Amino acid sequence: MANLRTKIVLEAFKKKAVDVPAPENEVSRWFGCLVFNREKMRRYLDPDTYDALTKCIDEGLSLDLPTADKVAAGMKKWALEHGVTHITHWFQPLTDGTAEKHDSLIEYNGRGGVIESFTGKNLVQQEPDASSFPSGGIRATFEARGYTAWDPSSPVFIQDDTLCIPTVFVAYTGEALDYKTPLKRSLKAVSDAAVPICRLFDPAVNRVYAYLGWEQEYFLVDEDIYAARPDLMITGRTLMGHESSKNQQLDDHYFGAIPSRVAAFMKELETEGYKLGIPLKTRHKEVAPNQFEFAPIYGEMNLSNDQNQQIMNVMHRVARKHGFVVLLHEKPFAGVNGSGKHNNWSLGTDTGVPLMAPGKDALGNLQFITFFVNTLYAVQRHNGLLKASIASATNAHRLGANEAPPAIVSAFLGRTMTGVLHDLLEMPSGTPIEISGKKGASVGAIGIPQIFIDNTDRNRTSPFAFTGNRFEFRAVGASANCAGSMITLNTAVAEQLLDFKDALDANMAEGKALDVAVMDTLKPLIASILDVVCFEGNGYSDEWRKEAARRGLDTETIVPKMLCEYEKKESVEMFTRCGVFNEKELHARNEVKLETYVKKVQIEARVIGRMALNHIIPAALDYQTRLLQNASLQKSLLGDEAAATELALAREISALIADIRRKVEGITEARKKANKLEDKFEKALAYSGVADLIPGIRKPIDDLEEIVDNATWPLPKYRELLFIS
Ligand code: ADP
Ligand code: MG
């Protein structure tokens, strides 16, 4: 018997891959064709304007209006050649996503017609009526003034018919209302703190860059099947659904062959990404069924983060062309892996020297160790804050679940680097550090084995792992703006580098040689991180939870409580000292986070209640009616002893329905109580209690799914959501 659900599933199964025409030329010929990059600047701007603009970009200066007018004229010419009709300031508000308000290029020409107009003023600054974006009370709506200003270090790009200008979004009083502003401040902070240290090793260094390479995980679900799941449509995750008999236990999905519909989607996604200058490099199947991942070649962090935000938008659009919906929720399905976004992070100098990888000689290696140890010490000092930086209502379902990083921020170094740190502690300060070959290091030197450089060991259970030339922050959620966590990491490292430099200066003042002074300053840090933040074992184990608490690491698991870290004295000091956030901004942003948390849980609680009452219980009653009719028939024809099983089933259904109703009433009451709370933190805390009630409603629903006949069940099941692509 085919019901609506099975019809949808059958149709979805029959869908074929959409034909994606191959581009006419090699990628290298058209890569970045929709970006106003340096090559376009050279072509469309006169040499003086080109020089002025590139100077602004390289030195982080702002553009004067006459130059902006000339830049705008060149951009307009380029944009019109691409059929552009609109412009938008493109920004990253605190809503996790991007915002754009399109303005057409037309202006009256004074003769009854219109012309295309785009001036320096349009380019540089806009004042969107942005009163509905979260600001945490920084802008009361009656003075809803905020403005967007072009960030020339992020190139302008074209999306469909619109010229998109990446901007910061700030209040008139100067407070940041977005992710980009503080990210840029944190990049400056880390550079300012790192440069004086780098200059001890090479006086030619003028700037230090932070690099980001994100690995984006996601699920694909057929769009028709998705549309039959109100929970997925509204909350981004399934709030109910019994596990499929097969899910990921065979490990047959990871790195498996990519189905043709998905391959076509990926191909088009990459093409669109390449046009936008996003250097997508890897693509593969992930562990869970219908889960995939891609990653670009890493780049300067501000740009790389913009690109991640861009591609997340592109993913949604391209997926629909292929009859899919992309799920970026951190935990769309219970019982299989969730989706993260590994943030690969490193620092490097403007002279081209990576700071998170061994160097060319003993001095280079000492510089590497200096940055390596200070990074780890920064992570240790602010481990609770780093956890707060990735905490959200959606990521909460992933953290601490079996496959995800635990809700404790520790660091994994691998055997080699742990060994090197122990050696450093034991050997006298000033002992040279060598890259050692097969026979090990020379006598009296500390060796970093050559082979580790391209072959680091891996520990997938660690949230912050060293992988040879970078650290990988794995706790970031798939739907998050990477900036959220990167701002915190950059600032923590900046603060630690400032402290380190002070301590080093004190040691140098005693007349010690550089290598001795550096090592004397590092040794207490090394001893401390080996005792506290470094952990090589299984991060998923219960023993680790206990051990971490003993070591003084933050083990908080409740999101609103995690967020409190942002307003702790040490955090406020760190952010203000480095010029990344002032206290008002920190408080406002935390209010936004708490409010967002409340709203997300509130929506889930409503959705599960309605689905329980309007989808599940009616279906269960329908089946129960048939059972009872059958029992009644059996009894009349076969005698009173008949129909025992049917009656037992009918009773079981009644009990489950009663349980569901009682729990739905319970969650409604809990919500009402929470809604009365005025204090933002207290309310969020109460809502974390509401979130805890959701699995209790889910359980009897999933039990019913096992009892009610398949044809009557109204919602697509896990086996249909996860195995059709
Ligand atoms: P894996 O799955 O082994 O972690 P991937 O190739 O999927 O590796 O992703 C690794 C990411 O790390 C890529 O985006 C890559 O460009 C990036 N990456 C590599 N080296 C660095 C570095 N030094 N700094 C920042 N990111 C890096
Ligand atoms: Mg990785």
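Bear in mind that the values here come from a model prediction, so they are computed numbers and not experimental data. Every number for a ligand or one of its atoms is a count from 1 in the order of the listing.
At a threshold of 4.0 Å, the pair K275-E272 counts as salt-bridged, since one of the basic side-chain nitrogens sits closer than that to a carboxylate oxygen. Of the charged side-chain nitrogens involved, at least one lies within less than 4.0 Å of a carboxylate oxygen, so that D499 and R577 count as a salt-bridged pair.
The closest approach between K281 and ligand 1 stays at or above 4.0 Å for every heavy atom of the residue. Not a single heavy atom of M356 lies less than 4.0 angstrom from ligand 1. The closest approach between a heavy atom of P354 and any atom of ligand 1 is not below 4.0 Å.
Any N or O atom pair closer than 3.5 Å counts here, and E215 shares at least one such pair with ligand 1. Of the N or O atoms in N469, one or more lie within a sub-3.5 Å distance of an N or O in ligand 1. Distances between N or O atoms of P296 and those of ligand 1 include at least one value under 3.5 Å.
Atoms of ligand 1 found under 4.0 Å from any heavy atom of I297 (numbered from 1 in listed order, with element): 16 (O). Close contacts of ligand 1 with G213, meaning ligand atoms under 4.0 Å from a residue heavy atom, involve 14 (O), 26 (N). For ligand 1, the atoms closer than 4.0 angstrom to any heavy atom of E293 are 7 (O).
Residues satisfying the ring pair (Phe, Tyr, Trp, His ring centres under 6.0 Å) criterion with F36, sequence neighbours excluded, are W78. Scored by the ring pair (Phe, Tyr, Trp, His ring centres under 6.0 Å) test, Y298 finds Y211 as partners (sequence neighbours excluded).
Ring centroid separation for the pair Y566 and F581 does not come in under the 6.0 Å cut-off.
Of the N and O atoms on the side chains of N344 and E215, at least one donor lies less than 3.5 Å from an acceptor on the other residue. Between the side chains of W345 and N490, at least one donor N or O sits under 3.5 Å from an acceptor N or O.
When the heavy-atom distances from atom 8 (O) of ligand 1 to R470, R474, H284, E472 are ranked, the shortest goes to R470.
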